[in-house]
Amino acid sequence: MVSKPRLYSGMQPSADSLQIGNYIGALMQWRDLQEAYDAFFSVVDLHALTQPNDPAELREKTRRTAAQYIAAGIEPSKSTLYVQSHVRAHAELAWILSTMTGFGEAGRMTQFKDKSSRYGTDATNVGLFTYPILMAADILLYQTDIVPVGDDQKQHVELTRDLAERFNSRFGKTFQVPTPVIQKETARIYDLQNPTSKMSKSAESDAGVLWLLDEPSKSAKKIMRAVTDSEGVVRFDREQKPGVSNMLVIFAALTGRQIPAIEDEFAGRGYGDFKKALAEVVVEEFGPVRERALELLADPAELDRVLAANAARADEVADATLSDVYAKVGLLRRV
Ligand code: AQP
């Protein structure tokens with residue numbers, strides 16, 4: 001049997017619910033890609049520790065994120081869907097890779113620069129600084145061929161490639177050098193109230209965020225209140241009409257239709273009609289996802305069992321890579 005190429009991706013359990021940007025920008029693509037790839041999808045809880053967390057809440061968010069992966073169509077019998085901290089090799093390989101990463105090199109990561117300037121030095125921990133190295137370990141442990149990511153993560157995958165090449169040239173071929181697959185700009189979803197900022201789990205206000213696990217009527221209300229413009233024409237123009245353009249992107253992504261066809265359908269009609277139709281599309285898409293996620297969460301023991309079985313499979317692959325790395329860098333094998 002010809003083995004499928006490997007894929008790795010993950011999300012942070014940084015909120016009780018995922019938002020529609022996570023769904024359109026990541027989960028919908030993962031769902032399609034899991035057919036052609038041997039896919040590893042992780043809930044990256046170690047990364048989530050870079051922000052302050054209540055321990056019980058973090059555990060709950062981790063389960064909830066996993067449940068939403070499954071509810072959105074990631075099949076644990078087809079893909080390896082697991083919790084990052086269940087596979088100890090992630091933290092161990094990150095240490096080895098950190099000894100091969102230049103301080104200046106890590107300091108050039110723009111996401112760290114953005115976040116540290118936003119939070120201030122006291123609230124910025126070393127984990128946030130080394131986060132891209134842990135991400136490199138996540139990817140390299142699985143001999144990953146492709147990494148589907150948003151363009152904000154591109155620099156981190158470049159670092160991953162550099163580290164893989166550096167290790168391979170120093171110690172012999174050990175890691176597959178992964179290729180980033182950058183999501184299309186059209187898959188980027190913006191905040192409904194602030195349509196020039198990316199929709200985000202950690203947005204300051206949730207008025208412009210559509211949550212997967214929200215009551216459908218709540219999401220419909222948020223859409224009806226979304227920011228538009230005074231032109232009154234349903235037309236795509238990111239510069240002049242970011243609010244309407246964002247809603248057109250959501251409409252197109254969820255229905256599989258082209259934006260010009262949607263513009264035609266709403267020609268001569270006001271924003272009220274368009275928003276109502278979008279609200280129906282959103283409710284129809286997320287109603288079943290929400291129900292399935294809540295069903296899974298009603299039986300946490302079964303969900304934990306599925307995650308444990310998947311972690312065992314991830315462990316197998318990750319341990320093989322880590323043993324090879326330990327041997328190559330000269331760590332004495334325990335007999
Ligand atoms: N607004 C978005 N549009 C399209 N794709 C998005 N993603 C996130 N927001 C949008 C994609 O979802 C995945 C989530 O990755 P993450 O949880 O590691 O962190 P993130 O990208 O920083 O997502 P959030 O929701 O904004 O989380 P917080 O607030 O915790 O930082 C990635 O594939 C991302 O591209």
Side-chain angles (χ1 to χ4, degrees), residues 7-34 39-53 57-58 61-62 64-66 68-69 72 74 81 83-84 90 109-112 114-116 118-119 127-128 131-132 134-136 138-139 144 146-157 160 180-206 208-214 222 226 238 242-243 245-254 282:
L7 176 156
Y8 179 90
S9 205
M11 270 188 224
Q12 292 192 57
S14 45
D16 280 338
S17 172
L18 297 177
Q19 41 90 6
I20 194 179
N22 303 133
Y23 183 82
I24 293 174
L27 287 172
M28 284 176 78
Q29 299 176 37
W30 293 3
R31 190 166 67 198
D32 293 343
L33 290 165
Q34 72 180 335
F40 287 72
F41 296 119
S42 170
V43 179
V44 291
D45 55 346
L46 293 174
H47 286 284
L49 291 176
T50 56
Q51 300 295 316
N53 273 292
E57 281 177 15
L58 177 60
K61 287 174 185 170
T62 301
R64 289 172 83 94
T65 303
Q68 288 169 89
Y69 282 12
I74 306 303
L81 189 175
V83 175
Q84 183 191 27
H90 287 258
M109 297 295 119
T110 55
Q111 206 180 65
F112 172 74
D114 288 353
K115 290 200 173 168
S116 54
R118 218 181 317 146
Y119 305 147
L128 197 62
Y131 169 111
L134 178 58
M135 181 169 157
D138 299 340
I139 297 166
T144 301
I146 72 155
V147 191
V149 281
D151 56 359
D152 54 332
Q153 292 290 336
K154 193 172 165 210
Q155 196 187 23
H156 295 167
V157 184
T160 304
V181 174
I182 307 298
Q183 85 195 18
K184 293 185 273 216
E185 167 55 19
T186 46
R188 173 69 73 101
I189 306 303
Y190 294 86
D191 189 284
L192 296 182
Q193 289 299 322
N194 186 7
T196 50
S197 301
K198 170 182 120 136
M199 192 182 282
S200 178
K201 290 189 229 93
S202 52
E204 268 169 34
S205 150
D206 100 328
V209 180
L210 294 175
W211 301 104
L212 255 62
L213 297 184
D214 252 357
K222 284 184 181 171
R238 277 267 198 227
S245 303
N246 186 38
M247 285 191 276
L248 275 165
V249 168
I250 298 174
F251 204 122
L254 297 183
V282 166

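As the structure lists them, so they are numbered: ligands from 1, and atoms in each ligand from 1. Sequential numbering from 1 along the given sequence is applied to the chain's residues.
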Legend entry - Heavy-atom pair of closest approach, residues Lys222 and Asp206: NZ-O, 3.1 Å

Inset, instruction - Evaluate the criterion side chain to side chain donor-acceptor pair (under 3.5 Å) for residue pair Gln155 and Thr110; output intermediate values, then yes/no. - result: CA-CA 8 Å; Gln155 196 187 23; Thr110 55; 3.1 Å; yes

Legend entry - Those protein residues which place at least one heavy atom below 4.0 Å from ligand 1: Met11, Gln12, Ser14, Gln19, Gly21, Asn22, Gly25, Ala26, Gly150, Gln183, Ala187, Arg188, Ile189, Lys198, Met199, Ser200, Lys201, Ser202

Legend entry - Heavy-atom pair of closest approach, residues Trp211 and Ser200: CH2-O, 4.5 Å

Inset, instruction - Would you name the heavy atoms of Met199 and Gly208 that are closest together and state the gap between them? - result: CE-O, 3.4 Å

Inset, instruction - Apply the test side chain to side chain donor-acceptor pair (under 3.5 Å) to residues Tyr23 and Arg31: give CA-CA distance (whole Å), side-chain angles for both, the deciding distance (0.1 Å), then the verdict. - result: CA-CA 10 Å; Tyr23 183 82; Arg31 190 166 67 198; 3.0 Å; yes

Inset, instruction - Work out which heavy atom in Ser42 is nearest to a heavy atom in Tyr69; give both atom names and the distance. - result: O-OH, 2.7 Å

